[in-house]
Amino acid sequence: METHHRNLARNVPLNSTALDALKAQQTIVPHKPTDEVFPEAGDYCRFWFEPAIKEAGITGYTWHCNRHTFCSWLAMAGVSLKEIQTLAGHKTITMAARYAHLSPDAAASASERMVLYSTA
């Protein structure tokens with residue numbers, strides 16, 4: 001998926017769950033293959049996002065919270081900080097490092113990989 005943030009375009013690989021959700025949405029809303037996923041870029045899709053949040057009774061949640069959740073879930077899945085940086089489009093690894101505390105098992109897993117390598 002190509003996304004535009006501050007007038008910079010970049011590609012973000014989508015996982016199978018995201019692709020399935022988009023395919024399901026395509027059966028509901030007519031579209032062309034060239035249509036953008038978020039055609040109201042810059043407005044962060046407020047035409048549907050804010051009403052959905054209100055209807056769900058969720059308070060204090062903004063569009064940017066989706067980015068934080070994405071990075072948090074990546075960290076909890078043991079994704080490396082460099083990969084989080086790349087996927088999130090952070091300019092520095094320091095930004096991605098904010099999520100390091102969410103993956104305490106990642107360090108242990110990395111250390112254990114050394115054992116597997118040394119005994120192979």
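For clarity, every value in this text was computed on a predicted model and none was experimentally measured.
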Any link between Met95 and Leu87 through a network of hydrophobic side chains (Ile, Leu, Val, Met, Phe, Trp, Tyr) touching at under 4.5 Å? no
Less than 4.5 Å apart, any side-chain heavy atom of Ile84 and any of Phe70? no
Do Trp73 and Val79 come within less than 4.5 Å of each other through their side chains, counting heavy atoms only? no
With the side chain counted from C-beta on, respond yes when Lys82 and Ile93 share a heavy-atom pair under 4.5 Å apart, and no when they do not. yes
Between Glu83 and Thr86, does the side-chain hydrogen bond (donor to acceptor under 3.5 Å, both in side chains) criterion hold? Intermediate values first, please. CA-CA 5 Å; Glu83 290 169 308; Thr86 300; over 6 Å; no
Output all residues satisfying side-chain hydrogen bond (donor to acceptor under 3.5 Å, both in side chains) with Asp20, sequence neighbours left out; order by chain, then residue number. none
My understanding is that only residues two or more places apart in sequence, or in another chain, count here; which of them pass side-chain hydrogen bond (donor to acceptor under 3.5 Å, both in side chains) with Thr62? none
Classify the angle between the aromatic ring planes of His90 and Tyr99 as parallel (below 30°), tilted (30 to 60°) or perpendicular (above 60°). parallel
Would a 4.5 Å heavy-atom cut-off, applied to side chains only, mark Pro51 and Glu55 as touching? no
Hey, are the side chains of Cys71 and Leu102 touching, using non-hydrogen atoms and a 4.5 Å cut-off? no
First locate atom OH of Tyr61, then atom NE2 of His68, and finally report the distance between them rounded to the nearest 0.5 Å. 9.5 Å
Going from CD on Gln85 to OG1 on Thr94, what distance comes out if it is rounded to the nearest 0.5 angstrom? 8.5 Å
State, to 0.1 Å, how close Asn15 and Ala18 come at their nearest heavy-atom pair, and which atoms those are. OD1-N, 2.8 Å
